[in-house]
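Bear in mind the structure is a predicted one, so any value in this text is a computation, not a measurement. Numbers for residues simply follow the sequence, beginning at 1.
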Amino acid sequence: MSSQEIQFSAIIKQNGTMNAAFVEFPFSAEELFGKKGQVRIKAIFDNTVEYRGSLAKMKSDCHILGLTQEVRKQLGKSFGDEVIVKLVEDKEERTVEIAEDIMSVFNQNPSAKDLFDTMSYTHRKEYIRWIEEAKKPETRENRKIKMIQMILDGKKGV
């Protein structure tokens, strides 16, 4: 990891009653990164699981870092468990790999592609993952058509 690496240990907390988890960032993001709001980061949990995400400022005094279900599963940890976090600010451009068949749908709908390109990385990733998770070819085709319509209708995510 480059730039300033920050390491800390934290307890995995549950977000309300949802199956959503986070850890509190025990430092001032404003002092470390010069940012009050969201800070894009690359993290490694317990020296094993890599993750790209963001430190977010919620209705709390500190920033928090979400732990997806996938990350928790890979770590074999849940709410109340301790995790070691190493993180660094992520300054790399976040790009979404777009398969050729999806690209061809965009090529037929340039205005949808323009709108797609203005979306956040997370929303672009969501759309592409939704299409790629289709088990049957016809589901994939239907989702590509539906995605174009949703983008043109102004929907930011799936």
ILVMFWY network linking Met103 to Tyr121, side-chain heavy atoms under 4.5 angstrom: yes

Residue pair Glu132, Arg140: steps toward the side chain to side chain contact (heavy atoms under 4.5 Å, CB included) verdict: CA-CA 7 Å; Glu132 291 181 342; Arg140 186 177 174 106; 3.8 Å; yes

Stepwise side chain to side chain contact (heavy atoms under 4.5 Å, CB included) test for Ile128 and Glu97: CA-CA 8 Å; Ile128 300 304; Glu97 294 295 315; over 6 Å; no

Approximate separation, where rounding is to 0.5 Å, of Lys57 NZ and Glu30 CD: 8.5 Å

Chi angles and distances behind the side chain to side chain contact (heavy atoms under 4.5 Å, CB included) call for Leu75, Thr48: CA-CA 8 Å; Leu75 290 169; Thr48 55; 3.8 Å; yes

Expected output: side-chain Asp81 to main-chain Ser78 donor-acceptor under 3.5 Å: yes

Glu31, CD: over 12 other non-hydrogen atoms inside 6.0 angstrom: no

Point-to-point distance, once rounded to the nearest 0.5 Å, from CD1 of Ile131 to NZ of Lys146: 11.5 Å

For Phe25, all residues meeting ring-ring contact (aromatic ring centres under 6.0 Å, His included), sequence neighbours excluded: Phe8, Phe27

Identified side chain to side chain donor-acceptor pair (under 3.5 Å) partner of Lys42 from the options Glu50, Glu89, Glu92: Glu92

Spacing of Met147 atom CE and Glu126 atom CD [to the nearest 0.5 Å]: 12.5 Å

Short side-chain to backbone donor-acceptor contact, Asp46 and Ile84, under 3.5 Å: yes

Side chains of Asn107 and Lys113, donor plus acceptor under 3.5 Å: no

Compile the donor-acceptor pairs under 3.5 Å between side chains in residues 151-158 and protein atoms, sequence neighbours left out, one pair per line.
unit_1: Asp153; atom_1: OD1; unit_2: Gln149; atom_2: NE2; d: 3.1

Gap between atom CD of Gln7 and atom CG of Asn47 - 0.5 Å precision: 6.5 Å

Exercise: identify the closest heavy-atom pair between Asn109 and Val105: ND2-O, 2.8 Å

Listed partners of Phe33 passing ring-ring contact (aromatic ring centres under 6.0 Å, His included), at least two apart: none

Residue pair Trp130 / Arg143: nearest heavy atoms and the distance that separates them: O-NH1, 2.6 Å

Non-neighbouring partners of Lys36 that pass salt bridge (charged side-chain N to carboxylate O under 4.0 Å, His left out), sequence neighbours left out: none

Contacts of Tyr51 that satisfy ring-ring contact (aromatic ring centres under 6.0 Å, His included) - sequence neighbours left out: none

Steps toward salt bridge (Lys or Arg N to Asp or Glu O under 4.0 Å) verdict (Lys144, Glu141): CA-CA 5 Å; Lys144 286 189 293 192; Glu141 290 307 307; 2.8 Å; yes

Test side-chain contact (heavy atoms from CB on, under 4.5 Å) applied to Ser104 - qualifying residues, sequence neighbours left out: none

Identified side chain to side chain donor-acceptor pair (under 3.5 Å) counterpart of Gln74 within the set Arg72, Lys77, Glu70: Glu70

Phe79 and Asn15: CA distance, side-chain angles, deciding distance, side chain to side chain contact (heavy atoms under 4.5 Å, CB included) verdict: CA-CA 9 Å; Phe79 311 126; Asn15 187 352; over 6 Å; no

Leu65 to Ser54 - nearest heavy-atom pair and separation: CD1-O, 3.6 Å

Heavy-atom closest pair, residues Val39 and Ala29: CG2-CB, 4.3 Å

Interatomic spacing from CG in Leu55 to CD1 in Ile6 - rounded to 0.5 Å: 8.0 Å

Closest heavy-atom pair and its distance - Gly37, His63: O-NE2, 2.7 Å

Gap separating the CD atom of Glu24 from the CD1 atom of Ile11, nearest 0.5 angstrom: 10.5 Å

Heavy-atom side-chain proximity of Ile41 to Val88 below 4.5 angstrom: no

